[in-house]
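Keep in mind the model is a prediction, meaning the values are calculated, not measured. Sequential numbering from 1 along the given sequence is applied to the chain's residues.
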Amino acid sequence: MDYDEKDMKELIERIRLYVVRSVKKERYEHSLRTAEFSARMGRIYQVDDTRCYLAGIAHDMCKTMSEKDLLKTAARDGRSISTEEAEQPDLLHGRAAAVLLQELFNVSDAEVLQAVACHTLGGVHLCALAKILYAADKIEPGRPHVTSEYHERLLKMSLDDLVATIVQESVDYLHKKGKTEARITKEFLSELRGE
């Protein structure tokens with residue numbers, strides 16, 4: 001994706017307008033906060049903050065798609081649908097959003113597409129931008145459990161340690177509710193910990 005600053009601003013605005021029309025007000029506001037927090041993390045971890053913002057604003061653009069459309073759209077990325085995704089098609093909203101970024105907005109930046117596609121469950125061999133979006137989605141300032149002290153503590157960590165902390169918190173939360181994490185999330189956490 002080789003955009004000059006003006007083209008990038010126009011692309012982000014086109015995507016933002018699509019998101020406004022596609023999701024509920026609360027989801028749009030979450031997407032804005034995620035985009036802003038992704039950009040902030042990008043500046044801290046030396047990843048292009050504009051690309052982080054783009055991934056953040058786009059990450060939930062398919063959140064209100066029907067299960068049938070999620071399955072159909074996500075399948076166009078050429079990857080197989082996991083058992084977890086087939087049983088809970090909402091888990092595919094990131095993959096579907098990555099497909100639409102390519103098809104509707106001609107986004108070809110592999111790191112942006114990976115970030116959007118993998119923001120729900122994580123993945124192995126993720127780029128720094130994808131790790132940033134995964135984290136920002138879970139800890140953007142509008143989340144009820146997030147405080148400025150929590151952010152301050154996390155943002156002093158290395159990116160992998162920060163993301164591993166967030167993944168572990170998510171896993172603990174699922175276990176408390178009697179659920180288990182997806183296989184790919186387990187692999188993501190192991191890789192982050194260097195296991």
**Prompt:** For the atom pair CD (Glu195) and CD (Glu187), what is the distance rounded to the nearest 0.5 Å?
**Reply:** 12.0 Å

**Request:** Considering only NZ, NE, NH1 and NH2 on the basic side and carboxylate oxygens on the acidic side, decide whether Asp161 and Arg193 come within less than 4.0 Å.
**Result:** no

**Item:** Distance in Å, Leu129 CG paired with Tyr134 OH, rounded so as to fall on 0.5 Å steps
**Value:** 15.5 Å

**Asked** Got more than 12 heavy atoms from elsewhere within 6.0 Å of OH, Tyr173?
**Response** no

**Asked** Is Glu36 paired with Arg33 through a side-chain N to carboxylate O contact shorter than 4.0 Å?
**Response** no

**Request:** With sequence neighbours excluded, give me every salt bridge (charged side-chain N to carboxylate O under 4.0 Å, His left out) pair touching residues 122-137.
**Result:** Lys131-Asp160, Asp137-Arg143

**Asked** Does the pair Met41 and Leu162 meet the rule for a side chain to side chain contact (heavy atoms under 4.5 Å, CB included), with working shown?
**Response** CA-CA 11 Å; Met41 288 183 69; Leu162 179 151; 3.9 Å; yes

**Prompt:** Hey, does Ser31 have a side-chain heavy atom less than 4.5 Å from the side chain of His59?
**Reply:** yes

**Message:** Can you tell me if His125 has over 12 outside heavy atoms packed within less than 6.0 Å of its NE2?
**Reply:** no

**Request:** Count the heavy atoms belonging to other residues, nucleotides or ligands that lie under 6.0 Å from CD of Gln46, then report whether that count exceeds 12.
**Result:** no

**Prompt:** Under 4.5 Å between any side-chain heavy atoms of Ile15 and Leu101, yes or no?
**Reply:** yes

**Fill in**
Closest non-hydrogen contact found for Ser38 with Ile132 is O-CG2, 3.6 Å

**Message:** Using modelled atom types and a 3.5 Å cut-off, is there a donor and acceptor pairing between side-chain atoms of Thr64 and backbone atoms of Ser22?
**Reply:** yes

**Request:** Consider only side-chain heavy atoms of I, L, V, M, F, W and Y, link residues closer than 4.5 Å, and tell whether Ile166 and Val124 are in one cluster.
**Result:** no

**Fill in**
Nearest heavy-atom contact between Cys62 and Leu70 is O-CD2, 3.7 Å

**Asked** Roughly how far, to the nearest 0.5 Å, is CG of Asp77 from CG of Leu92?
**Response** 8.5 Å

**Request:** Please round to the nearest 0.5 Å and tell me the distance separating atom CG of Asp109 and atom CD of Gln114.
**Result:** 10.0 Å

**Request:** Grab the two heavy atoms, one from Ala115 and one from Leu133, that are nearest each other, plus how far apart they are.
**Result:** O-CD2, 3.3 Å

**Prompt:** If you group Ile, Leu, Val, Met, Phe, Trp and Tyr by side-chain heavy-atom gaps below 4.5 Å, do Leu121 and Ile81 land in one group?
**Reply:** no

**Message:** Enumerate the salt bridge (charged side-chain N to carboxylate O under 4.0 Å, His left out) contacts for residues 167-178, please, sequence neighbours excluded, ordered by first and then second residue.
**Reply:** none

**Prompt:** Would a hydrophobic clustering, with Ile, Leu, Val, Met, Phe, Trp and Tyr connected at side-chain separations under 4.5 Å, put Ile184 with Leu71?
**Reply:** no

**Message:** Could you walk me through whether Val171 and Val167 satisfy the side chain to side chain contact (heavy atoms under 4.5 Å, CB included) test, starting with their C-alpha distance in whole Å, then the side-chain angles of each, then the deciding distance to 0.1 Å, before giving a yes or no?
**Reply:** CA-CA 6 Å; Val171 167; Val167 175; 4.3 Å; yes

**Asked** Name the one of Lys138, His93, Arg95 that satisfies side chain to side chain donor-acceptor pair (under 3.5 Å) with His119?
**Response** His93

**Message:** Run Lys25 and Glu29 through salt bridge (charged side-chain N to carboxylate O under 4.0 Å, His left out) and show every step you take.
**Reply:** CA-CA 6 Å; Lys25 181 177 183 277; Glu29 289 168 355; 2.8 Å; yes

**Message:** Between Glu85 and Ser82 (side chain of the first, backbone of the second, donor and acceptor by atom type, cut-off under 3.5 Å), is there such a pair?
**Reply:** yes

**Prompt:** Looking at CE of Met157 and CG of Leu155, how far apart are the two atoms once the value is rounded to the nearest 0.5 Å?
**Reply:** 9.5 Å

**Prompt:** From Leu11 CG over to Ile57 CD1, what is the distance, rounded to the nearest 0.5 angstrom?
**Reply:** 11.5 Å

**Prompt:** Side chains of Asp90 and Gln88: does their closest heavy-atom pair fall under 4.5 Å?
**Reply:** no

**Prompt:** Quick one: does Val19's side chain get under 4.5 Å of Arg16's, heavy atoms only?
**Reply:** no

**Asked** Under the 3.5 angstrom rule, does the side chain of Glu140 hit a backbone N or O of Gly142 as a donor-acceptor pair?
**Response** yes

**Asked** Any idea which heavy atoms bring Val146 and Pro141 closest together, and the distance?
**Response** CG1-CA, 4.3 Å

**Message:** Would the distance check show the side chain of Asp48 and the main-chain N or O of Arg51 forming a donor-acceptor pair, the cut-off being under 3.5 Å?
**Reply:** yes

**Item:** Nearest atoms (heavy-atom pairs only) where Leu32 meets Tyr53
**Value:** CD2-OH, 3.5 Å

**Prompt:** Do Leu126 and Glu111 have side chains that get closer than 4.5 Å, going by heavy atoms?
**Reply:** no

**Prompt:** So, Glu84 side chain and Arg183 main chain: donor-acceptor pair closer than 3.5 Å or not?
**Reply:** yes

**Asked** Does Met61 reach the side chain of Phe105, with side-chain heavy atoms less than 4.5 Å apart?
**Response** yes

**Asked** Which atoms form the tightest heavy-atom contact between Phe188 and Gly123, and what is the distance?
**Response** CD1-O, 2.7 Å

**Message:** For the backbone of Glu181 and the side chain of Thr185, can you confirm whether one donor and one acceptor N or O come within less than 3.5 Å of each other?
**Reply:** no

**Prompt:** Given the rule that I, L, V, M, F, W and Y join up when any side-chain heavy atoms are under 4.5 Å apart, are Leu91 and Val99 in one cluster?
**Reply:** no

**Request:** Consider only side-chain heavy atoms of I, L, V, M, F, W and Y, link residues closer than 4.5 Å, and tell whether Leu192 and Leu174 are in one cluster.
**Result:** no

